[in-house]
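By convention here, the first residue in the shown sequence is residue 1. Just so you know, these numbers come straight off a predicted model, no measurement behind them.
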Amino acid sequence: MKNVKVSLVVSFLVFCLFPQGVEAVSPFTAIDSIMQGLKADSSAVSKKLPTVTVEASNITHYADRDVVHITRSMRKGARNTAQMLGNIPGIDCNYANNALTYYGSSNILILVDSLEKSADYVKELHHLRFSKVDVVPNPTGKYANYDVLINLHTKPDYTGYEGNVFQQMSVRPNEDNGNDKKFSGDYSSASFTYTKNKWNFIGRYNFRFLQSEKDNAESTYTNHVNRLQESTTSPMSFINFFRIHNTYWAIDHQINKNHSVSASYYYSTDAKDDYTYAEAERLWLDSGKKEAIGKSVVSRVNSDRHTLGLYYRGRSGVWNYTYDFNYINDGWTSDKNYRQNTGYASDNYFRNHMDYVWTKSEVNRRFFNNRFYFSAGYNFTWKDYEQEDRLTGNLLSENSYHRNEIWTWLSYRIKDGTDLNFSASAEHVKTHTASYEDKNMVYKFSGMFYHRWNKKIWMRLNYWCNTSYPQLDQVTEYGYFTDSLTWSGGNPALRTQVYHSGRLWVDFFNLFNIQTGYNYSPNQFSNIIGRGEGTLPSGENGAYITYTPENTMYKEFWATIYFFKKIKDFRISGILKYQNMEAKFKRNKNTNQGFTGFLTSNYYNDKHFLSIQATYQVFNGYQVRAQGKTTQKMDCLAFILGKDFFHQRVNLSVQYVTPHLFLDGNSKSKTESEVVSSYDFYDINETIRHSLMFTFSYRFHGGKSVRQYNRSMQEEK
């Protein structure tokens, strides 16, 4: 196999993750996030060497990863990097929307020259700039949350430019969507990348807008503390708006073949407005008194976030080094207004600020003819929150975190086809507020055993431990009344959330796989409803309902069966998943269970660059809380038609979603505790049926390396 010199052109950290709910531009986003993997058949003969296994002349197997050198056949017919990656065994690309999966899992992290990237940005790049790909299954250390890590390597001395423009619009033409809300979403992006030898320059802009209006919700609420029951007398109305602007700039420099640096700056501004109105009947259970009320809730959040990143990648002899420095300055206002037609009103105006610094350092190398891989690192995090009254400027709450973590990762190839991985970390967490201080240790372990019986059957057994940390609204010392009888506050004593997970994964004949797993958290974050005593907004003393975050117990068993088959220009895939979950806090306990899945058929014509996809989706959703649960049931068909034009520079596609077929298409949520009982119903079907999504993308590219490649394509394998 011809050796390829690798240029570690360290790139940029693309913008931070969007807030929850942003991905709802497409009503069929659930399909994209559910497993759609590729089990590509391989007829190549393997040749065994002392340290590695080389398969199909372009894949080298190491103890912890596969290195895939990009060939001409991998590029053929692929209009972008996502479609090129779909030609790697184990990775599948959905040509209709560029969604990537790895043996059925969409839990993928993409790096470019060992730095994190926005998946949307990387997938739209042209594959000509890359020479090889590292595929790292079950990464641990700082990437332990992912099923696979994909690291793309830029060609040495690559010179070229590239621009991408993307526009996606969603509409809901059905009459039940609400007045003037038929246009439901827009996502636009534009990027330009210029690379010359050891320098890389990138600029990118994103805009996303969402709006919806729903008039199909019902609710019943019983306050046992104050002996009050409320039931909606007409469908509840929801109006939602969300908009976000992102700009990103980065510069990367390869100092020499062993050292590189990168800097990035990201600015984001977003706004979210929610309006809720309901008419309800109030029943005072003790006296039997009834009254009709109207109530409205308005919530507005406006945020400005600046993010600076500095990165170093280096090598000294057989040792590799990485260092990341990140700083976030985030400020946001949060306004909440509550109104009743009885005359009661509650207004809360907050100004919030966060300074956030985190650093990551790592060293790694290989031993024993590349069979043994060692990695270790140190992570430091500092986070400081402030919350003020926006009208008076009074400081309401202040808290800070210091986290110091050391970790190590060991990987050993026992023999060809049998690998063993192990990682461990210890983290010291210090929490400080004006009246509370807490110190605790968090220990994490993970391990993986992989064994391949033959070319067609392999298994993977995993155990891992992950953590997450509370946000400002969960640990603030400040609390306030959201209405006349309901109080909301934080909990400074909230501990770091720890998750223990295990999974058995068996793959058969490059055709289907079976997975089963178990998740357990002894201290999951959850809002707990309780009882409080004190001065009410009316000025009287009395009892009221409280909402406070607590650490609660959560456990889940799940199992899936997934299959994939490629027949000439057709790809057929499907998955069926079962979940059984339980949540508990003191005497409160709830369970929930059920099935979800999809069946997809995709046709791609390489000659005419035409893609047709039909998907039947059962995207049932199951959630469980210590004091309640939510179950969503919905099914429908989605059809996507896409075509490339002008030598794959332009792509046009349209998606259509049918009404529900067999299931009702609704969401039901209930809460049960000693102080509150509630039931909520929401018709999901009315929000997506007959929806349409139109997509346009355009790419231009050129430069020295692009022209040279076009002249020498016959030399690439």
Side-chain angles (χ1 to χ4, degrees), residues 4 6 9 11 14 32-42 44 55-62 65-139 143 146-155 158 162 164 166 191 193 510 564 566 569 571 573 600 602 604 606 609 611 613 642 644 648 651 697 699 701 709 716-717:
V4 180
V6 181
V9 181
S11 293
V14 179
D32 304 338
S33 62
I34 295 182
M35 304 175 178
Q36 302 177 356
L38 169 61
K39 311 293 181 297
D41 293 332
S42 174
E55 184 175 312
S57 78
N58 72 314
I59 301 178
T60 306
H61 300 285
Y62 292 97
R65 70 193 62 204
D66 292 340
V67 179
V68 182
H69 292 270
I70 300 173
T71 64
R72 181 182 180 185
S73 62
M74 289 173 59
R75 302 186 196 273
K76 183 180 179 181
R79 70 177 302 270
N80 53 35
T81 296
Q83 295 179 5
M84 182 275 295
L85 290 172
N87 292 320
I88 296 176
I91 301 177
D92 182 31
C93 175
N94 186 327
Y95 277 46
N97 54 17
N98 287 332
L100 291 174
T101 53
Y102 175 74
Y103 285 109
S105 172
S106 60
N107 188 22
I108 296 172
L109 177 66
I110 298 178
L111 309 182
V112 173
D113 297 318
S114 302
L115 270 177
E116 298 175 26
K117 300 290 183 180
S118 161
D120 289 338
Y121 168 75
V122 176
K123 289 189 289 186
E124 70 187 15
L125 288 172
H126 202 294
H127 45 73
L128 292 181
R129 66 175 51 244
F130 302 117
S131 61
K132 68 177 183 178
V133 185
D134 294 340
V135 180
V136 185
N138 299 289
Y143 300 127
Y146 299 93
D147 284 332
V148 66
L149 182 150
I150 297 174
N151 187 19
L152 291 148
H153 293 268
T154 306
K155 291 178 178 178
Y158 179 86
E162 178 173 357
N164 287 278
F166 180 85
S191 63
T193 306
N510 295 322
F564 175 90
K566 183 177 181 180
D569 293 331
R571 296 183 179 186
S573 62
T600 294
N602 188 84
Y604 182 78
D606 184 65
F609 304 112
S611 175
Q613 178 175 302
D644 297 331
Q648 295 186 291
N651 177 265
S697 64
R699 179 184 63 240
H701 65 282
Y709 178 82
E716 190 171 54
K717 291 184 178 180

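Of the possible donor and acceptor atoms, none in the side chain of D66 sits under 3.5 Å from a partner among the backbone N and O of I59. R571 contributes a side-chain N or O that, together with a main-chain N or O of C93, makes up a donor-acceptor pair within less than 3.5 Å. Looking at R699, its side chain does come within 3.5 Å of a backbone N or O of R79 through a donor-acceptor pair. Side-chain N or O atoms of S611 include none that pairs as donor or acceptor with a backbone N or O of G642 at under 3.5 Å. Panel note: side chain H127, backbone A78; a donor-acceptor pair is recorded below 3.5 Å. Judged by distance alone, with hydrogens and angles left aside, the side-chain atoms of R129 form no donor-acceptor pair with the main-chain N or O of Y158 at under 3.5 Å. Side chain of N151 to backbone of S114: a donor-acceptor contact under 3.5 angstrom is found. With K117 contributing its side chain and V122 its backbone, the two residues share no donor-acceptor pair below 3.5 Å.
Nearest heavy-atom pair, D134 versus H153, reported as atom, atom and distance to 0.1 Å: OD2-NE2, 2.8 Å. Taking every heavy atom of both residues into account, Y121 and T193 meet most closely at OH-OG1, 2.6 Å. Nearest heavy-atom pair, L152 versus M84, reported as atom, atom and distance to 0.1 Å: CD2-CE, 4.2 Å.
Two residues are said to be in side-chain contact when any heavy atoms from C-beta on lie closer than 4.5 Å; N98 and E124 fail this criterion.
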How far apart are the C-alpha atoms of V68 and N58, what are their side-chain angles, what is the distance that settles it, and do they pass the side chain to side chain contact (heavy atoms under 4.5 Å, CB included) test?
CA-CA 6 Å; V68 182; N58 72 314; 3.8 Å; yes
Working for side chain to side chain contact (heavy atoms under 4.5 Å, CB included), residues D606 and K76:
CA-CA 9 Å; D606 184 65; K76 183 180 179 181; 4.2 Å; yes
Candidate pair V112 and F130, rule side chain to side chain contact (heavy atoms under 4.5 Å, CB included), full reasoning
CA-CA 9 Å; V112 173; F130 302 117; 3.9 Å; yes
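For D569, the side chain to side chain contact (heavy atoms under 4.5 Å, CB included) partners are Y603, not counting sequence neighbours. Applying the side chain to side chain donor-acceptor pair (under 3.5 Å) rule to N164 yields the partners E162; only residues at least two apart in sequence or on another chain are considered.
When each of I88, I91, T81, L109 is paired with I150, the side chain to side chain contact (heavy atoms under 4.5 Å, CB included) condition holds for I91 and for no other.
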